[in-house]
Number of protein chains: 2
Amino acid sequence: MANTHVKEMKALKEHLGKHQLKLTRQRELILSAFLRQEHITAEAMYHQLAKSDPHLGLATIYRTLNLFCDAGLAQARHFGSQTQYDNITHKGHHDHLICTGCQKIVEFENEEIERLQEEVASKNKFTITTHRLELYGLCSRCRH
Amino acid sequence: MANTHVKEMKALKEHLGKHQLKLTRQRELILSAFLRQEHITAEAMYHQLAKSDPHLGLATIYRTLNLFCDAGLAQARHFGSQTQYDNITHKGHHDHLICTGCQKIVEFENEEIERLQEEVASKNKFTITTHRLELYGLCSRCRH
DNA sequence: ATTGAAATTGATAAGCCGTATCAAGATGAT
DNA sequence: ATCATCTTGATACGGCTTATCAATTTCAAT
């Protein structure tokens, strides 16, 4: 593992220590791969890691990603029929504008909306860890 | 079926007509039940309707709720291990604040956010038909 | 009203995703 | 280095949703 992601490694070790869990080669490997992504599914990571480590089991990936959730490094989010594990240490969230005609996806960010989301959350005494905003519609070409 | 929900019935018939689909007793029944809810799972509707119609199959409910999604009356949302079908005709769209600790869902509406969404869309020359906004986090109880 | 092609239904098998199980192996406190 | 404990990998299992298919229903054309 590169000496980037030192902070996250430290956070993981702290969690492991607190819960009498052990640091394994697999956990290091999966953490390293996970931190390079903004979000990933267990299956996708399985295939990705299979190249360098063909014997890494899918169950181990699921277990480890769930461990990262417990450790506060990841957050599970259900999307389609699968679970996306979001890297919550990753900055720069973006939202999506999706054309239901041609499936084109435009990414955008809007600070004002983010601010209002925080406002809604605090009004309800929630602490937001992540969010998802998707606007569905037709792009100019598909409207005609 | 009561003569409330006439508009939605009309929208469904229009969709059916366009796609060479047929209006059945089951579809009417399920539409009627669906429109009384803000959101519901297929399983929940199955049990609810079993009382008045014990032979209505679960597969039919899934198929019909997916049909409603195609017809623009419903929107599927994956939550936990199940799919929630949201009634998007229900007194305006509402968004969700979801506690990842206890699974509690708080619904909210925010005109200002909706307005900003329109703004983002028009900036990208999109016409929005629907949207989805989910804020994930911890409620006050689960934060501790 | 009857007919008949096409769609729909209900029952259930199958599929997919994620978790549980468990023997074999790895870890780390002593 | 030892050894209790945790972890892994392979796979069985379970929950949710979709696919399959024979029987039934719908609806447009008689």
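Each chain gets a letter, A, B and so on, in the order the sequences are listed, and its residues count up from 1. Quick caveat: nothing in here was measured; it's all calculated off a predicted structure.
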Going by modelled atom types, is there a donor-acceptor pair between the base of D/dT5 and the side chain of A/Lys22 at under 3.5 Å?
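Donor-acceptor pair under 3.5 Å: yes.
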Any donor-acceptor pair under 3.5 Å between the side chain of A/Arg63 and the base of C/dG18?
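No, the side chain and the base share no sub-3.5 Å donor-acceptor pair.
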Separation of [X] atom [atom1] from [N] atom [atom2], in whole Å?
X       : N      : atom1 : atom2 : result
B/Ile61 : C/dA11 : CD1   : P     : 12 Å
A/Leu58 : C/dG18 : CG    : C1'   : 8 Å
A/Leu21 : C/dA29 : CG    : C1'   : 15 Å
B/Gln26 : C/dT8  : CD    : P     : 11 Å
B/Gln82 : D/dT18 : CD    : P     : 12 Å
B/Asp53 : C/dT9  : CG    : C1'   : 12 Å
B/Leu29 : C/dT8  : CG    : P     : 17 Å
A/Leu65 : D/dT8  : CG    : C1'   : 15 Å

Please walk me through it: do A/Gln75 and A/Thr129 pass side-chain hydrogen bond (donor to acceptor under 3.5 Å, both in side chains)?
CA-CA 8 Å; A/Gln75 186 164 47; A/Thr129 48; 2.8 Å; yes
Hey, does the side chain of [X] come within less than 4.0 Å of [N]'s phosphate (OP1/OP2), counting only N and O?
X       : N      : value
A/Tyr62 : C/dG18 : yes
A/Thr60 : D/dT7  : no
A/Gln20 : C/dT27 : no
A/Thr24 : D/dT8  : yes
B/Asn66 : D/dT18 : yes
A/Arg27 : D/dT7  : yes

Do A/Leu116 and A/Leu135 share a hydrophobic cluster (ILVMFWY, side-chain heavy atoms under 4.5 Å, transitive)?
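Yes, A/Leu116 connects to A/Leu135 through the hydrophobic network.
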If hydrophobic clusters are built from ILVMFWY residues whose side chains come within less than 4.5 Å, do B/Phe108 and B/Tyr136 share one?
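As far as the 4.5 Å side-chain criterion goes, B/Tyr136 and B/Phe108 are not connected within one cluster.
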Kindly assign one of parallel, tilted or perpendicular to the pair B/Phe34 and B/Phe68, based on the angle between their ring planes and the thresholds 30° and 60°.
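Taking B/Phe68 first and then B/Phe34, their aromatic rings sit tilted (interplane angle of 30° to 60°).
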Knowing that exactly one of A/His5, A/Lys13, A/Lys7 qualifies, which makes a side-chain contact (heavy atoms from CB on, under 4.5 Å) with A/Met9?
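By the side-chain contact (heavy atoms from CB on, under 4.5 Å) criterion, A/Met9 pairs with just one of A/His5, A/Lys13, A/Lys7: A/Lys13.
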Does B/Arg25 or B/His78 map to a spot on DNA chain D nearer the 5' end, using the closest nucleotide for each?
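Comparing both residues, the 5'-ward one is B/His78.
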